[in-house]
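Worksheet: the structure to be examined is printed underneath.
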Amino acid sequence: MKFSNTLIPTLRDIPANAEIASHILLLRGGFIRQLGSGLYTWLPLGVRVLQKIERIVREEINKTDAHEVLMPFVQPGELWKESDRWEVMGPDLLRMQDRHENDYCLSPTHEEVITDLFRKNVKSYRQLPCTLYQIATKFRDEIRPRFGVLRSREFIMKDGYSFHIDEKSLHATYLAMHDAYSSILSRLALDFRSVEAHGGVIGDDENREFHVLADTGEDAIAYSKVSSYASNLEKAEAVATGDVATASETLTKVSTPNIRTINGLVECLDVPIERTVKTLIVQGRDSPIGLVLRGDHELHEIKAARLPNVLSPLTFTKESEVRHHVGCNVGSIGPVQLQIPYYVDRSVAVLSDFVCGANEDDFHLTGVNWNRDESLQSAAIQDLRKVVEGDPAPDGSGPLSIQRGIEVGHIFKLGTKYSHTMNATVLDERGESVNVLMGCYGLGVTRLAAAVIEQKHDEIGPLWPLEIAPAQVHLVALNVPRSSEVVNAANHVYEQLTTQGIEVLYDDRNERPGVKFADADLIGIPYRITIGERGLKENTVEYQHQRELKVDVSLDQVVPTLLQDLG
RNA sequence: CGGGACGUGGCGCAGUUUGGUAGCGCACAUGACUGGGGGUCAUGUGGUCGCCGGUUCAAAUCCGGCCGUCCCGACCA
């Protein structure tokens, strides 16, 4: 590929609309251009990166005996009504009508179409298991597209779907996909974690998200450094370790005038925040419900909203109503003799000699102990809080670390969710009609391209891993066309490389060296060969690998050297 | 959708407060010089200032409406 006849519109300035590394560098390096909100054109270099990611995806997915199909992007609304998702999906689903005023939508995912394909064409358990996938364009009318191609509305995704006669078979494919995804992300040289997560609108059975660790990720991931435990923070279980210490203090009611916050309480009574307890009041089905947490912990609203009798979505009770039910202001509530039902976080349940509100304005209790001062039912002990850095991992492997991650993949066991609503059945070995079990497996291709840059870049440009770089080597000819020696040498190297099947971007433009170097940095191809008059006097060229290697190599040795390094 | 910001040649921006005939840098074209990290000089091309309406002798600037884009939140590959 010659630079002079392709389109690589690099940018000197940082585009005004771009904030994060991947967005800035994809724009500046001439990989993408924005068309509209959440809509991007992939330019020649960008397409090469995508194609290479797709090639890796195909290789690894094909190994699982999955087979590639290609389904329509525009889909009949009828199918979506059948699965009930015409309503459930909400405005994310871009709907439209054709000239006959029939409903259609742009596909955000393909469960309906694949299930329809399956039910019309597969009738016997003997044809199972069966896994089909595609690499195709999706459209989700995101509430807020952002970060360039990391959260765009139109994007390319690998989506796979498997069909099974029993759970054992489904589980085998689910594990195979887990392995395949791990292989793909490893080949992309990414630091990633497979994490526990919520299923969202697709299905809430067993599922696993794949996250590329990066500070710009939209999710927080809690993981163990020594085991494979990892969980999306929105799901991560908070556990409490240790037994309850024996009570050593006596229950005392102390005056705490005007103290309404935990920080104020800590200061006023000079107690460690870990020994303080706060009580939040939320709306319940029959009456308000108290949620008792340690002072330094944060309520996990999703967990709380799922508790029996708690209203979802979680709603805090108004202060005036709190006084009506509890008899004091929100800064003095505590579990001891609380007049409404309450739940206690696991970390609070193991506390002894703690401090909490006295359910009376301007008073708190110190030296509080469960069962001596207030009975604690085991059913009331629940996981209510967000995990924090250093919490014990639920698998007992040690402290948790928390990092942000970019969700690039998600695998689910769907069970019969779609086969039931859409009546996808096969005959089993007894001749009875049964709903098939399904799994689905998504992997964001365009998002991966951005995620790679988020993890692999420095101040001056992307550092593409060799397997997905837009080319393997960037050949820079300096001072063309003035120096015929340089032109001849560069042309010769270009031909040699091309003959060897090496992918090369050949900068044959009549540009100043500085321009060529700057562009090469912005493009980020891992190997670079620079040919200039200065080196040619000694019959050498410059050979470079990313930022860590830069040596002079003799002209006739440079191609063999590169071939050797490429393996 | 709630909160915030922005919209002026291809890109990045100034000008808007205080209305008066649209400017800078880069890019682009031509020429000269230069030639290993976005070089210099000269000449030149390119904008109905997001759109519609209003106020005014006069609107990029003031007023109203609309559209678009970005950032923070709820949602997701």
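In what follows, chains are A, B, ... by sequence order, proteins preceding strands, each numbered from 1.
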At what distance, to the nearest 0.5 angstrom, does CD of A:Gln557 lie from CG of A:Asp552? 14.0 Å
Can you tell me how far P in B:rG19 sits from the matching atom in B:rA59, rounded to whole Å? 13 Å
Between B:rA77, B:rC75, B:rG36, which nucleotide gets closest to the side-chain atoms of A:Ile143? B:rC75
Do A:Glu542 and B:rG36 share a donor-acceptor pair, side chain to base, under 3.5 Å? yes
Donor-acceptor contact below 3.5 Å, side chain A:His300 vs main chain A:Leu233: yes
Phosphate oxygens OP1/OP2 of B:rG35: is one of them under 4.0 Å from a side-chain N or O of A:Ser483? no
Taking a pair as Watson-Crick or G-U wobble with both distances under 3.5 Å, which nucleotide is matched to B:rC62? B:rG54
Indicate, with a heavy-atom threshold strictly under 4.0 Å, whether A:Asn479 touches base, sugar-phosphate, or nothing. base
Donor-acceptor pair under 3.5 Å, A:Arg512 side chain vs B:rG38 base: no
Quote, to the nearest angstrom, the C1' distance that separates B:rG73 from B:rC66. 26 Å
Both A:Pro15 and A:His23 contact RNA chain B. Taking the nearest nucleotide for each, which residue is further toward the 5' end? A:Pro15
Nearest-Å distance once atom P is located in both B:rA32 and B:rC71: 46 Å
Return the nucleotide paired to B:rG44: Watson-Crick means purine N1 to pyrimidine N3 with N6-O4 or O6-N4, wobble means G-U with N1-O2 and O6-N3, both under 3.5 Å. B:rC28
Looking at B:rC11, B:rC76, B:rU69, which one has an atom nearest to any side-chain atom of A:Ser37? B:rU69
Tell me whether the side-chain N/O atoms of A:Arg146 come closer than 4.0 Å to OP1 or OP2 in B:rC75. no
Is any N or O donor-acceptor pair between the side chain of A:Arg482 and the base of B:rG35 shorter than 3.5 Å? yes
Nucleotide nearest A:Thr530 (side chain, heavy atoms from C-beta), chosen from B:rC70, B:rC76, B:rG36: B:rG36
With centres under 5.5 Å and planes under 30°, do A:Phe517 and B:rG36 count as stacked? no
Whether A:Lys413 engages the ring of A:Tyr174 as a cation-pi pair (distance to the six-membered ring centre under 6.0 angstrom, angle to the ring normal within 45°) should be assessed. yes
With the side chain defined as heavy atoms from C-beta on, A:Asp13 is closest, among B:rC76, B:rC11, B:rG38, to B:rC11
Partner nucleotide of B:rG23 by Watson-Crick or wobble geometry (both distances under 3.5 Å): B:rC13
Strictly by Watson-Crick or wobble contacts shorter than 3.5 Å, is anything paired with B:rG35, and which nucleotide is it? none
Does a side-chain N or O from A:Arg144 land closer than 4.0 Å to OP1 or OP2 of B:rC71, or not? yes
For A:Glu209, answer base if it contacts any base atom (sugar-phosphate contacts may also be present), sugar-phosphate if it contacts only those atoms, and nothing otherwise; contact means non-hydrogen atoms under 4.0 Å. nothing
Span that lies between the C1' atom of B:rU8 and that of B:rA22, in whole angstrom: 8 Å
Could you say whether A:Glu234 or A:Ala16 is positioned toward the 5' end of RNA chain B, judged by the nucleotide with the nearest heavy atom to each? A:Ala16
Give one of base, sugar-phosphate or nothing for A:Glu142, where a contact means two heavy atoms less than 4.0 Å apart. base
A:Gln34 has an atom CD; how far is it from atom P of B:rC6, in whole Å? 19 Å
Using a heavy-atom cut-off of 4.0 Å across all strands, would you classify A:Arg33 as base, sugar-phosphate, or nothing? nothing
Classify the nucleic acid contact of A:Asp519 as base, sugar-phosphate or nothing, counting any heavy atom under 4.0 Å across all strands shown. base
Looking for any heavy atom pair under 4.0 Å, which part of the strands does A:Phe147 touch: base, sugar-phosphate only, or nothing? sugar-phosphate
Remember a base hit wins even if backbone is also touched, and classify A:Val408 as base, sugar-phosphate or nothing at under 4.0 Å, heavy atoms. sugar-phosphate
What integer number of Å spans the P atoms of B:rG7 and B:rA14? 7 Å
What interatomic distance, in whole Å, is found between P of B:rU18 and the corresponding atom of B:rC63? 10 Å
Both distances below 3.5 Å, Watson-Crick or wobble geometry, any strand: find the nucleotide opposite B:rA5. B:rU69
Of all the choices, B:rC75, B:rU34, B:rG36, which nucleotide is nearest to the side chain of A:Arg151 once you look at every atom? B:rC75
By nearest atom, which of the nucleotides B:rA77, B:rG39, B:rC70 is closest to the A:Tyr40 side chain? B:rC70
My understanding is that a pair needs two contacts under 3.5 Å, Watson-Crick or G-U wobble. By that rule, which nucleotide pairs with B:rA74? none
Give one of base, sugar-phosphate or nothing for A:Gly409, where a contact means two heavy atoms less than 4.0 Å apart. sugar-phosphate
May I ask you to say what A:Pro145 touches in the nucleic acid, namely base, sugar-phosphate or nothing, with a heavy-atom cut-off under 4.0 Å? sugar-phosphate
Kindly say whether A:Val436 contributes a backbone atom to a donor-acceptor pair with the side chain of A:Ser419 at under 3.5 angstrom? yes
What does A:Gly535 touch in the nucleic acid at a heavy-atom separation under 4.0 angstrom: a base, only the sugar-phosphate, or nothing? base
Establish, yes or no, whether the cationic atom of A:Arg48 lies under 6.0 Å from the six-membered ring centre of A:Trp42 and within 45° of the ring axis. no
Heavy atoms under 4.0 Å, any strand shown: does A:Asp141 hit a base, just sugar-phosphate, or nothing? nothing
How far does the C1' atom of B:rA27 sit from the matching atom of B:rG38, given to the nearest Å? 11 Å
If the P atom of B:rG4 is compared with that of B:rG9, how far apart are they to the nearest Å? 27 Å
Do the side chains of A:Arg528 and A:Asp521 get close enough for a salt bridge, i.e. N-O under 4.0 angstrom? yes
For A:Leu522, report the nucleic acid contact type (base, sugar-phosphate, nothing); a contact means any heavy atom under 4.0 Å. base
Quick one: label A:Ser152 by what it contacts on the DNA or RNA (base, sugar-phosphate, nothing), any heavy atom closer than 4.0 Å. base
Here the distance between atom C1' of B:rC26 and atom CD of A:Glu511, to the nearest Å, is 13 Å
B:rG38, B:rG36, B:rA77: which one has an atom nearest the side-chain heavy atoms of A:Arg534? B:rG36
Carefully, step by step, assess A:His420 and A:Tyr418 under the rule ring pair (Phe, Tyr, Trp, His ring centres under 6.0 Å). CA-CA 5 Å; A:His420 179 71; A:Tyr418 293 91; over 10 Å; no
Without decimals, in angstroms, what is the distance between A:Ile53 CD1 and B:rA77 P? 18 Å
How many angstroms lie between atom CD1 of A:Ile460 and atom CZ of A:Phe517, to the nearest 0.5 angstrom? 12.0 Å
Have A:Asn539 and A:Ser554 got a donor and an acceptor in their side chains that come within less than 3.5 Å? no
Between B:rC71, B:rG38, B:rC76, spot the one nearest the side chain of A:Glu19, thanks. B:rC71
Give a yes or no answer on whether the side chain of A:Arg95 reaches the backbone of A:Leu93 with a donor-acceptor pair at less than 3.5 Å. yes
